[in-house]
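Notes to accompany the following structure.
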Amino acid sequence: MREVSEFGETLEYRNEELGYDLGRNRIKARKALQDDLDKYVTPYERNFYGYLTVAEHINTESATNWRVSTRSNAKLDILCELHSQALIVAEEVVTLISAGLPTGATARWRTLYEITVTALFIAKSPNMVAERYKHSHIVEQYLRIRNGDTNHLMRDARFSKAERARRTAVEHEAARLETKYGSSLIRPYGWASERLKQKRVTFNDIEKRVMDKQRHLTYITAAQDSHGVRLSSVRNMVRHPESESLLTTGPLDPYIIQVETAWTLQDLTWELARRVHRRQEQPEALYWGYVAYMYALDLATEATHARYTVSPSHLRLLSSISDSRSPKLKPQSKSYDNLSNEPI
């Protein structure tokens, strides 16, 4: 037995190995979980990185080679930006699933969903909405200043001078934007207020315009893992088998989050590819959008380990793409006219 003085108290450690034993037991429990996950998740993960490669190609080309004009295009700029962010978050989701961390994966999917909802709303709105959103980071900084969230920096000599200059710049820019777009912009989600004809806008108002009720219910469930409510612990955690006082990750069924990740990301990838095809007159963009759809379908199938039901139009679409594929995945323009009107 040894004594350690910490915070004025004498703590007696009767068993120095206790912490090490618990740590080893936890690692063993996670190793067993990881072995099960490897069998289930690895095929999905392999297909996901195939999808990611295609989606990154769409993003890069949309921002560069598929543009027919060098003029500024706020909507396309924002869609490319949000799509890039979505790709990173989706990879985080898959990484967390592979590591056996379901609540973390679900919480990050929630972020992916919010990015996609924002992008779809902007894509389906007039160009002015994209212009307003493009300045929303200034509004967010201004609201933080107004609410006192950065006051501690003003009290610290190391940051006060730089913070004062930053505040002045942000306040001047916010005043300019308010003059240009109106006071409705200087609110949370104010960039969407003009489109929705509402002074006060919530994420739920935006979501209703672009997503169905079932997706909303999945989003609400994911919120439980983000906000630390007890239902998340009850659903996702169990008592450690060798220590009743220790909670650890319970049995994991990643099916829902895998499927939702595939389709949430594909919603945004498809919207970007379709918009470039229509607005920039780039048939290659549509082709790659359909290739991404095929990968998303594979992802969902791997997640379910069952036959995936698709509509007759999707079956025709897949058949057409299969006929047009070549080893180098070069598009065949003759197939675009009859594909462009297919729903997805």
Side-chain angles (χ1 to χ4, degrees), residues 48 51-67 71-95 107-141 177 181 185 188-196 201-212 215-216 218-219 222 226 260-280 282 285-286 288-289 292-293 295-296 299 344:
F48 171 79
Y51 177 92
L52 200 64
T53 301
V54 173
E56 286 176 344
H57 174 73
I58 292 172
N59 188 283
T60 301
E61 294 298 300
S62 297
T64 55
N65 296 329
W66 289 344
R67 290 202 178 196
R71 290 185 304 172
S72 176
N73 186 325
K75 185 177 289 189
L76 185 55
D77 289 342
I78 293 301
L79 286 180
C80 287
E81 176 185 306
L82 290 172
H83 186 243
S84 295
Q85 187 180 0
L87 294 176
I88 294 171
V89 175
E91 188 171 6
E92 292 175 358
V93 173
V94 174
T95 300
R108 291 308 286 158
W109 171 81
R110 184 173 183 263
T111 301
L112 174 63
Y113 179 82
E114 291 173 351
I115 293 169
T116 299
V117 165
T118 299
L120 294 181
F121 182 86
I122 291 172
K124 299 175 188 300
S125 300
N127 290 331
M128 182 57 71
V129 175
E131 289 286 353
R132 291 167 67 96
Y133 179 83
K134 197 171 183 178
H135 300 296
S136 62
H137 66 291
I138 298 295
V139 175
E140 289 160 8
Q141 292 181 73
L177 293 173
Y181 294 107
L185 180 69
Y189 297 105
W191 54 269
S193 61
E194 191 72 18
R195 172 65 170 166
L196 295 174
V201 178
T202 66
F203 176 77
N204 190 42
D205 296 324
I206 297 170
E207 181 191 21
K208 287 177 181 177
R209 291 296 187 100
V210 294
M211 289 294 182
D212 58 40
R215 301 291 288 278
H216 173 72
T218 306
Y219 173 72
S226 301
E260 288 295 340
T261 298
W263 291 125
T264 302
L265 184 55
Q266 175 56 19
D267 284 345
L268 179 46
T269 299
W270 169 251
E271 186 60 42
L272 177 60
R274 184 176 64 172
R275 176 156 294 278
V276 172
H277 165 63
R278 290 182 176 177
R279 303 299 183 188
Q280 305 295 319
Q282 290 288 347
L286 187 68
W288 282 101
Y293 171 78
Y295 269 101
L299 286 172
I344 190 166

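When a residue number appears, it is its place in the shown sequence, counting from 1.
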- Item | Check: Y293 ring centroid to W263 ring centroid under 6.0 Å | yes

- Message: Counting the benzene-type ring for Trp, do F203 and Y219 have ring centres under 6.0 Å apart?
- Response: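 So the answer is yes for these two rings.
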
Could you list the residues that satisfy side-chain hydrogen bond (donor to acceptor under 3.5 Å, both in side chains) with [X], not counting sequence neighbours?
| X | answer |
| --- | --- |
| T116 | none |
| E91 | Y49 |
| R275 | none |
| E207 | Y113, H216 |

- Point-to-point distance, once rounded to the nearest 0.5 Å, from CD of E56 to CD of E61: 12.5 Å

- Item | Atom pair CG (L196) and CZ (F121), whose distance is rounded to the nearest 0.5 Å |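 These two atoms lie 4.0 Å from each other.
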
Looking at every non-hydrogen atom in both residues, tell me the closest pair between [X] and [Y] and how far apart they are.
| X | Y | result |
| --- | --- | --- |
| A130 | I122 | CB-CG2, 3.8 Å |
| A292 | I58 | CB-CD1, 4.1 Å |
| I115 | L82 | CG2-O, 3.4 Å |

Donor on one side chain, acceptor on other, [X] and [Y], under 3.5 Å:
| X | Y | result |
| --- | --- | --- |
| T111 | R108 | yes |
| D205 | T202 | yes |
| Y181 | E194 | no |

- Message: Walk me through whether I88 and Q85 qualify under side chain to side chain contact (heavy atoms under 4.5 Å, CB included).
- Response: CA-CA 5 Å; I88 294 171; Q85 187 180 0; 5.8 Å; no

Would a distance-only check, ignoring hydrogens and angles, find a side-chain to backbone donor-acceptor pair under 3.5 Å from [X] to [Y]?
| X | Y | result |
| --- | --- | --- |
| K75 | S125 | yes |
| S136 | Y133 | yes |
| R67 | Q280 | no |

- Pairs where residues 121-130 contributes a residue and the test salt bridge (charged side-chain N to carboxylate O under 4.0 Å, His left out) is met, not counting sequence neighbours: K124-E271

- Please list, chain by chain and in numerical order, all residues satisfying side chain to side chain contact (heavy atoms under 4.5 Å, CB included) with V139, sequence neighbours excluded.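 Counting only residues at least two positions away or on another chain, V139 forms a side chain to side chain contact (heavy atoms under 4.5 Å, CB included) with L143, L185, I186.
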
Would you mind reporting whether [Y] and [X] have side-chain heavy atoms less than 4.5 Å apart?
| X | Y | result |
| --- | --- | --- |
| I78 | K134 | yes |
| E92 | L112 | no |
| N59 | T269 | no |

